[in-house]
Colleague: 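Got a structure here, written out as structure tokens. Questions coming.
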2 protein chains.
Amino acid sequence: MNRMGMMTGNTEVGIQRRYLHDEVADRLRELIRSGQLKPHQHINELELCARFGISRTPMREAIKILATEGLLELLPNRGAHVTSVSQDELDEIMEVIAGIEATAGDLACRNASEGEIDAIAAMTDEMLATFDRRDEAGFFAINWRIHEAIVRAAHNSRLTALYATFTVRIQHMRYSAGRTSTQWQRAADEHRRMVALLRARDCETLCRLMRDHARASKPVILATYGDEHERG
Amino acid sequence: MNRMGMMTGNTEVGIQRRYLHDEVADRLRELIRSGQLKPHQHINELELCARFGISRTPMREAIKILATEGLLELLPNRGAHVTSVSQDELDEIMEVIAGIEATAGDLACRNASEGEIDAIAAMTDEMLATFDRRDEAGFFAINWRIHEAIVRAAHNSRLTALYATFTVRIQHMRYSAGRTSTQWQRAADEHRRMVALLRARDCETLCRLMRDHARASKPVILATYGDEHERG
DNA sequence: GTGCATGATTTTGGACGCAATAAAAATAGG
DNA sequence: CCTATTTTTATTGCGTCCAAAATCATGCAC
């Protein structure tokens, strides 16, 4: 019996938190992020309820949340499925992300503390070291942390939340798509410039650079993951 | 009896749509937008259920959706209340909106059809006419439509949706805050420039202008509606 | 063999009920 | 009379139930 004294089928660890639906939403997001739930895949309420060991009410609330975030699509009387990302939609999402990062660049120049800039600079150095030793996996791992740090350095919680929502679905694409040597070199150079512009507090230029930087990765991702490279 | 053959207390018109929770969410948004539900105000599930003539399940799903959109705030075991906008939060939201409009400006230069630009130009002429005859109410009504049109002209549905979400709470502030003559003049001038830059397809400059334009309205709004000009 | 109608099964959408938490009220103690 | 504690009440969170819709399966005619 679980904490409510009901249901006995806790198959996948027990859930413990303020809101069940909140925890369930996190888990679903993680299933989607990790690819365990694939685009186009249908969501079976009862099956997932059994997996998590909960009833349908919090599951359905979580589904509504994910749908609002755009990760699930609701089909009237036919449940929900994982949102697929078509070529066009991926393009749209990338432009929104580019916009968020551009805004973050501008705001970070205005609001970031010296300490935050130092931290970003340190990570950038670290990343450039991985570049020198051709450690592509290491490079993109740090790359992601730098982008996140810049957005956080904007000191705008809504922007940070928005960034999280929009990157969750395409993060793995963005940081796994194989780049050519030229593209990789360019990314490294641009990151060097980012730090310089942050230090110079040059809002306008960093804003433009961030947008261009994000856009540069667009063709790579579109080529690699058009329609999430699968059809339902 | 309603369509489910249950509950008889349809006090506020019958609801008819694919999803009840969707209709309920729309109604709640409207209640918030119109100010019938005020910031800080507590949401009583049962009371609203009775008003809409529905059960708690779709109401709760709608509440989760509004919370995800940021219009409601959930309090564990104590329901929800309408999100209040503090000075700092208003500043954050305005910067996000500025970012969205800047992105829209850039994309509109790339993607807008000549027809769309003509429509925006026509609305701008109309608005400048209201400016000449000092019709402030008319000015801001058209102003809102122009901003919307530019965002739509970006041809990015996610950006458009994001814009709707972020403006719903502050729209009335943005377009009702009294401007000084100088500020009003500046807004008019900037709108003239927007059309010129759209025609010239000057992405970068329009992007910057949109951000600056949105930011210019920040002090006005902050001064007028600090913490939604009410406490508790 | 294919196309359509009809019935069985699955799954969804929404209503409802129970237990737990928290706010409110009532009581006791200082 | 004011504060601390208990009791009551209100309301929330979640589990469950029922009916409508959709899907699947079967059978029949063409």
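Just so it is clear: chains get the letters A, B, ... in the order the sequence lines come, proteins before strands, and each one is counted from 1.
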Colleague: For the pair made of CD in A:Glu45 and P in D:dA22, what is the distance, rounded to whole Å?
Modeller: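 These atoms are roughly 16 Å apart.
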Colleague: Who pairs with B:His191 by ring-ring contact (aromatic ring centres under 6.0 Å, His included), at least two apart in sequence or on another chain?
Modeller: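 So B:His191 forms a ring-ring contact (aromatic ring centres under 6.0 Å, His included) with B:His147, B:His213.
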Colleague: Would you please name every residue forming a side-chain contact (heavy atoms from CB on, under 4.5 Å) with A:Ala149, sequence neighbours left out?
Modeller: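 A:Ala149: side-chain contact (heavy atoms from CB on, under 4.5 Å) contacts with A:Ile120, A:Met123, A:Arg152.
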Colleague: What's the CD1-C1' distance between B:Ile43 and D:dT11, to the nearest Å?
Modeller: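 From B:Ile43 CD1 to D:dT11 C1': 14 Å.
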Colleague: To the nearest angstrom, how far is A:His21 atom NE2 from D:dT12 atom P?
Modeller: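 Atom NE2 in A:His21 sits about 14 Å away from atom P in D:dT12.
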Colleague: For A:Ala80, what residues pass the side-chain contact (heavy atoms from CB on, under 4.5 Å) criterion, not counting sequence neighbours?
Modeller: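 So A:Ala80 forms a side-chain contact (heavy atoms from CB on, under 4.5 Å) with A:Ile43, A:Ile63, A:Leu74.
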Colleague: Can you list everything that forms a side chain to side chain donor-acceptor pair (under 3.5 Å) with B:His155? Sequence neighbours excluded, please.
Modeller: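 With neighbours one apart ignored, the set is B:Glu116.
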Colleague: Heavy atoms within less than 4.0 Å of DNA chain C: which residues of residues 56-67 of chain B have one? Give them sorted by number.
Modeller: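 Hits under 4.0 Å, by residue number: B:Arg56, B:Thr57, B:Pro58.
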Colleague: Just the rounded figure in Å: distance from P of D:dG15 to CZ of A:Phe52.
Modeller: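 Computing the A:Phe52:CZ to D:dG15:P distance gives 13 Å.
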Colleague: Whole angstrom is fine here: how far is it from CG in A:Leu20 over to P in D:dT16?
Modeller: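 A:Leu20 atom CG is separated from D:dT16 atom P by 12 Å.
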Colleague: If the condition is side-chain contact (heavy atoms from CB on, under 4.5 Å), which residues does B:Asp88 pass it with, not counting sequence neighbours?
Modeller: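 Listed in chain order: B:Ser86.
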Colleague: How about A:Leu66 and A:Ile32: do any of their side-chain heavy atoms sit closer than 4.5 Å?
Modeller: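 Yes, at least one pair of side-chain atoms sits under 4.5 Å.
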Colleague: Under the side chain to side chain donor-acceptor pair (under 3.5 Å) test, which residues partner B:Asp118, sequence neighbours left out?
Modeller: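 Partners of B:Asp118 under the side chain to side chain donor-acceptor pair (under 3.5 Å) test: B:Arg199.
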Colleague: Rounding to a whole Å, what distance do you find between A:Leu46:CG and C:dT12:C1'?
Modeller: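 Computing the A:Leu46:CG to C:dT12:C1' distance gives 9 Å.
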Colleague: Between residues 70-81 of chain A and DNA chain D, which residues have a heavy-atom gap below 4.0 Å?
Modeller: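 Under 4.0 Å from DNA chain D: A:Asn77, A:Arg78.
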Colleague: Sequence neighbours left out, what passes side chain to side chain donor-acceptor pair (under 3.5 Å) with B:Glu30? Give chain and number order.
Modeller: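 Here the qualifying residues are B:Arg33.
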